[in-house]
Amino acid sequence: QVQLVQSGGGLVQAGGSLRLSCAASGRTFSFYAMGWFRQAPGKEREFVVAISASGGRTYYGECVKGRFTISRENSKNTTYLQMNNLEPDDTSVYYCEAKYTRGTDSGNVYYTRASYDYWGQGTQVTVSS
C-alpha cells in the first residue's frame with residue numbers, strides 16, 4: 001500500500017499561482033504513476049493531469065493545458081502540481097492519486113479515476129475573481 005499526504009492550496013486571486021504537493025509513503029514511489037483530479041461542489045471529479053511512473057510522460061486535461069505543470073521527485077517521494085494563471089473555475093478540491101505500475105507500464109499515463117488505486121485527503125483551492 002501507499003499513503004498519500006497532500007499539502008499546499010488555499011485562497012488566491014485570479015491570475016495568481018499555487019503549488020500543491022503530494023508526498024507518498026509505504027512503497028517504492030517510482031513504481032507509481034500519479035495523477036491529479038479535482039471536484040467542485042455539485043460536480044463529478046474531473047481529470048486534471050497525470051505523470052508516468054518514470055516521469056518521462058505527462059498528459060494534461062484541456063481545461064488546464066498551458067497553465068498547470070505536473071512534476072515529480074522520486075528521491076523525495078513527492079509529486080507537485082504547479083498552477084499558474086488561476087481562474088475562478090479552477091476552484092475545487094484537488095486530489096492526488098497513485099497507480100501501481102509494473103515494468104513496461106512505467107511509461108504510461110492514466111486519466112480515468114478507475115485506473116487509480118490510492119488517493120490523498122484532498123486540498124481546497126479557491127480562486128477569487
**OP:** Output, in order, the C-alpha distance, side-chain angles, deciding distance and verdict of salt bridge (charged side-chain N to carboxylate O under 4.0 Å, His left out) for Arg38 and Glu44.
**Re:** CA-CA 8 Å; Arg38 67 186 184 185; Glu44 293 187 355; over 6 Å; no
Original post:
Would Glu46 and Arg113 pass as an ion pair if we require N to O under 4.0 Å?
Top reply: no
**OP:** May I have the step-by-step check of side chain to side chain contact (heavy atoms under 4.5 Å, CB included) for Phe68 and Asp90, ending in yes or no?
**Re:** CA-CA 11 Å; Phe68 290 12; Asp90 294 319; 4.0 Å; yes
Original post:
What's the shortest heavy-atom distance between Ala24 and Val2, and which atoms?
Top reply: CB-CG2, 3.7 Å
Original post:
Can you list the steps and then say if Met83 with Val125 is a side chain to side chain contact (heavy atoms under 4.5 Å, CB included)?
Top reply: CA-CA 10 Å; Met83 305 183 291; Val125 171; 3.8 Å; yes
**OP:** Any chance you could measure Leu20, atom CG, to Ile70, atom CD1, to the nearest 0.5 Å?
**Re:** 10.5 Å
Original post:
At their closest point, which heavy atom of Gly107 faces which heavy atom of Ser54, and how far apart are they?
Top reply: CA-OG, 4.1 Å
Subject >> From Trp119, Tyr94, Tyr116, Tyr110, residue fulfilling ring pair (Phe, Tyr, Trp, His ring centres under 6.0 Å) relative to Phe37 >> reply: Tyr116
Original post:
Under the 3.5 angstrom rule, does the side chain of Gln13 hit a backbone N or O of Ser129 as a donor-acceptor pair?
Top reply: no
Original post:
How about Trp36 and Gln6: do any of their side-chain heavy atoms sit closer than 4.5 Å?
Top reply: yes
Original post:
Between Gln3 and Gln121, is any pair of side-chain heavy atoms under 4.5 Å apart?
Top reply: no
Original post:
For Ser52, does its backbone N or O pair with a side-chain atom of Arg72 as donor and acceptor, under 3.5 Å?
Top reply: yes
Original post:
Taking a hydrophobic cluster as the set of Ile, Leu, Val, Met, Phe, Trp and Tyr residues connected by side-chain heavy atoms closer than 4.5 Å, whether directly or through intermediates, do Tyr60 and Leu81 fall within one such cluster?
Top reply: yes
**OP:** Output the distance between atom CG (Asn108) and atom CZ (Arg102), rounded to the nearest 0.5 Å.
**Re:** 13.5 Å
Original post:
Under 3.5 Å, side chain of Thr28 to main-chain N/O of Ser30, donor-acceptor pair present?
Top reply: no
Original post:
Please walk me through it: do Met34 and Phe29 pass side chain to side chain contact (heavy atoms under 4.5 Å, CB included)?
Top reply: CA-CA 10 Å; Met34 302 297 295; Phe29 181 61; 3.8 Å; yes
Original post:
Going by the angle between their ring planes, with limits at 30° and 60°, are Tyr100 and Phe31 parallel, tilted or perpendicular?
Top reply: perpendicular
Original post:
Should Lys99 and Asp105 count as an ion pair when the cut-off is N to O under 4.0 Å?
Top reply: no
**OP:** Determine yes or no for a side-chain-to-main-chain donor-acceptor pair under 3.5 angstrom, with Thr123 supplying the side chain and Gly9 the backbone.
**Re:** no
**OP:** Tell me, please, which residues at least two apart from Tyr111 pass ring pair (Phe, Tyr, Trp, His ring centres under 6.0 Å).
**Re:** Tyr59
**OP:** Determine yes or no for a side-chain-to-main-chain donor-acceptor pair under 3.5 angstrom, with Gln39 supplying the side chain and Lys43 the backbone.
**Re:** yes
**OP:** Give a yes or no answer on whether the side chain of Ser106 reaches the backbone of Ala53 with a donor-acceptor pair at less than 3.5 Å.
**Re:** no
Subject >> Distance-minimising heavy-atom pair for Leu86 and Leu18 >> reply: CD1-N, 3.9 Å
Original post:
What heavy-atom pair brings Cys96 and Leu4 nearest, and what distance separates the two atoms?
Top reply: O-CD1, 3.7 Å
Subject >> Pair Thr126, Gln124: side-chain N/O donor-acceptor within cut-off below 3.5 Å >> reply: yes
Subject >> Full working for side chain to side chain contact (heavy atoms under 4.5 Å, CB included) between Tyr80 and Gln82 >> reply: CA-CA 6 Å; Tyr80 305 97; Gln82 178 66 42; over 6 Å; no
